[in-house]
Amino acid sequence: MNWITDEVLFYGGAVGAGAILVIAGIFLGISRIRLAKLKAQLDTEYGRGAAVGRKEKK
């Protein structure tokens, strides 16, 4: 196992962490878009204020 050196583990972990951060960013972006679409659909079907997590404005 001479090919697994400290540098390979370090840089491999850094690349892996970077990939996870990019994937997490994509996932969060998609989930925010889907939540906005869901809120818009709930507004049209049930009226304003019925969407998930939305408080009525007075």
Heavy atoms of other groups near E45 CD, more than 12 under 6.0 Å: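 For E45, atom CD is crowded (more than 12 foreign heavy atoms under 6.0 Å).
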If you measure from [atom1] on [X] to [atom2] on [Y], what distance do you get to the nearest 0.5 Å?
X	Y	atom1	atom2	answer
Y11	T5	OH	OG1	10.0 Å
L38	D43	CG	CG	9.5 Å
L28	I23	CG	CD1	12.0 Å

Candidate pair R34 and I30, rule side-chain contact (heavy atoms from CB on, under 4.5 Å), full reasoning: CA-CA 6 Å; R34 292 186 71 190; I30 291 171; 4.0 Å; yes
